[in-house]
2 protein chains.
Amino acid sequence: MQIMIDIDSNTPMFAQLIEQIKKAVQTDSIKPGDGLPSIRQLANDLNVNNKTVAKAYQLLERDNVIQTKGYRGTFVHPDAKANCSFDLNAWVFEKLSETIETLRKAGATDSEIRIAFGDVINNRTFKEKEA
Amino acid sequence: MQIMIDIDSNTPMFAQLIEQIKKAVQTDSIKPGDGLPSIRQLANDLNVNNKTVAKAYQLLERDNVIQTKGYRGTFVHPDAKANCSFDLNAWVFEKLSETIETLRKAGATDSEIRIAFGDVINNRTFKEKEA
DNA sequence: ATATGTACCCCTTAATCACACGGTACATAT
DNA sequence: ATATGTACCGTGTGATTAAGGGGTACATAT
């Protein structure tokens, strides 16, 4: 498995990592149980920050594509191939599309929608905007 | 009907205008058919920009609280009092809360949700991020 | 000692946005 | 002429964010 990172790409580096590792799983380039390079090592090889690799690994583990076993390292998840096919971000995109379409049809301004969205995601209860 | 604007308030000026006009309707301080000050005049009285007043008026008209009759001026909507009770922004807030809660429970990161939201509301089709 | 994932603290960069303002112009009708 | 709502061009300010980096530390186990 070889990973290439394009610094000048429009897609962020951690996303490139996720893409390529998923592709490696889908093409059987790496199989369940295989060990992945450690965060520090991969970061060093690619000349990126540890946190960038760690971010990619965390998201991959959340999606059950890889598994981290503490001090023992990181491994490909048993059901990696199946879990690769589900794209959480695509699903999030769809759900938000539906909701926003509803709000727009109700006459809400994009600006209003954006503000309400910001309030919700920052756990600001409605109309409670302090100084 | 008297309107007061607090420049230093945390709530934007156009929102203050909406609040006070709605309150004036709810307290029968102004009644359906009554004429409202013109945009330019109210802006001048309050020492704010025309566009700030215009924005408030447009939102009030969308919510059927007031009615603009072109060159004849702006008037209180026949069903103003009833339409005042419905707060579109509160409804938008609720709808977004439900959706975001669903997404969070599915494991989506707030950052991921924010990015997807930005893509949707800017009419960027999924994963089509050009340079 | 060494390596593992992980969790904090800090920072810079570029981008986006709400809010408000300024000006200019238009068709409408008085 | 004058006033109405409306639409378009622009400006600037302050806030928020993603992405990435730098550093330091921890418990775990070899």
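Within every chain, numbering begins at 1; the chains are lettered A, B, ... in the order of the sequence lines, protein sequences first and strands thereafter.
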Evaluate the criterion side-chain contact (heavy atoms from CB on, under 4.5 Å) for residue pair B:Leu46 and B:Met4; output intermediate values, then yes/no. CA-CA 8 Å; B:Leu46 300 176; B:Met4 298 277 296; over 6 Å; no

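Counting to the nearest Å, the P atom of C:dA15 and the CG atom of B:Asp119 are 16 Å from each other. Rounded to whole angstrom, the span from the CD1 atom of B:Ile115 across to the P atom of C:dC17 amounts to 14 Å. A:Asn89 places its CG atom 13 Å from the P atom of D:dA18, with the value rounded to the nearest Å. When rounded to the nearest whole Å, the span between CG of A:Asp110 and P of C:dC17 equals 10 Å. With rounding to whole Å, B:Gln67 atom CD is found 18 Å from D:dT4 atom P. Here the C1' atom of nucleotide C:dA3 and the NZ atom of A:Lys69 are 17 Å apart, to the nearest Å. The separation between A:Asp6 atom CG and D:dG20 atom C1' is 15 Å, rounded to whole Å. In this structure, CZ of A:Phe117 is placed 11 Å from C1' of D:dT17, rounded to the nearest angstrom.
Taking 4.0 angstrom as the limit, B:Thr74 places a side-chain polar atom (N or O) nearer than this to OP1 or OP2 of D:dG5. Applying the 4.0 Å criterion to OP1 and OP2 of D:dA19, one finds that B:Ser111 has a side-chain N or O inside that range. Close to D:dA18, at under 4.0 Å from its OP1 or OP2, lies a side-chain N or O of B:Arg114. The side chain of A:Thr68 places an N or O atom within less than 4.0 Å of a non-bridging phosphate oxygen (OP1 or OP2) of C:dT6.
Non-hydrogen atoms lying under 4.0 Å from DNA chain C are contributed by nothing in residues 29-38 of chain B. Remark: A:Lys51, A:Gln58 in residues 41-59 of chain A come within less than 4.0 Å of DNA chain C through at least one heavy atom.
Each of B:Glu112 and B:Arg72 was matched to the nucleotide of DNA chain D holding its nearest heavy atom; the match closer to the 5' end belongs to B:Arg72.
Tracing side-chain contacts under 4.5 Å through hydrophobic residues (I, L, V, M, F, W, Y), one never reaches B:Tyr71 starting from B:Phe75; they form parts of separate clusters. Under the 4.5 Å side-chain heavy-atom criterion for Ile, Leu, Val, Met, Phe, Trp and Tyr, B:Ile7 and B:Leu17 are members of the same hydrophobic cluster.
Within the 4.0 angstrom heavy-atom criterion, only backbone atoms of the sugar-phosphate kind lie near A:Glu61; the bases stay farther away.
A:Ile5 contributes atom CD1, which lies 7.0 Å from atom CD1 of A:Ile3 (distance to the nearest 0.5 angstrom). How far CZ of B:Phe117 is from CG of B:Asn122: 8.5 Å, rounded to the nearest 0.5 Å. Between the CG atom in A:Asn89 and the CG atom in A:Leu59 there is a gap of 8.0 Å [rounded to 0.5 Å].
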Donor-acceptor pairs under 3.5 Å, side chain of residues 91-100 of chain B to any protein atom, not counting sequence neighbours: which ones?
from: B:Ser97; atom 1: OG; to: B:Phe93; atom 2: O; distance (Å): 2.8
from: B:Thr99; atom 1: OG1; to: A:Thr99; atom 2: OG1; distance (Å): 2.6
from: B:Thr99; atom 1: OG1; to: B:Lys95; atom 2: O; distance (Å): 3.2

Donor-acceptor contacts, no H, no angles, side chain residues 24-31 of chain B, under 3.5 Å, sequence neighbours left out:
from: B:Thr27; atom 1: OG1; to: B:Lys23; atom 2: O; distance (Å): 2.9
from: B:Thr27; atom 1: OG1; to: B:Ala24; atom 2: O; distance (Å): 3.4
from: B:Asp28; atom 1: OD1; to: B:Lys81; atom 2: NZ; distance (Å): 3.1
from: B:Asp28; atom 1: OD2; to: B:Lys81; atom 2: NZ; distance (Å): 2.9

Expected output check: what is the dot-bracket annotation of DNA chain C, where ( ) and [ ] are pairs inside the strand (brackets for crossing ones), | is paired with another strand, and pairs are Watson-Crick or G-U under 3.5 Å? ||||||||||||||||||||||||||||||

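Annotation: side chain of A:Met13 is not in contact with side chain of A:Asp6 (no heavy-atom distance under 4.5 Å). Residues B:Ile39 and B:Lys55 are not in side-chain contact: their nearest non-hydrogen atoms beyond the backbone lie 4.5 Å or more apart.
In this view, B:Thr74 satisfies the side chain to side chain donor-acceptor pair (under 3.5 Å) rule with no residue, not counting sequence neighbours.
Closest to the A:Tyr71 side chain, of the nucleotides D:dA29, C:dC21, D:dG5, is D:dA29. Considering only side-chain atoms of A:Arg40, the nucleotide from D:dT6, D:dT17, D:dA25 that sits closest is D:dA25.
There is no side-chain donor-acceptor pair under 3.5 Å between A:Ser111 and A:Thr109.
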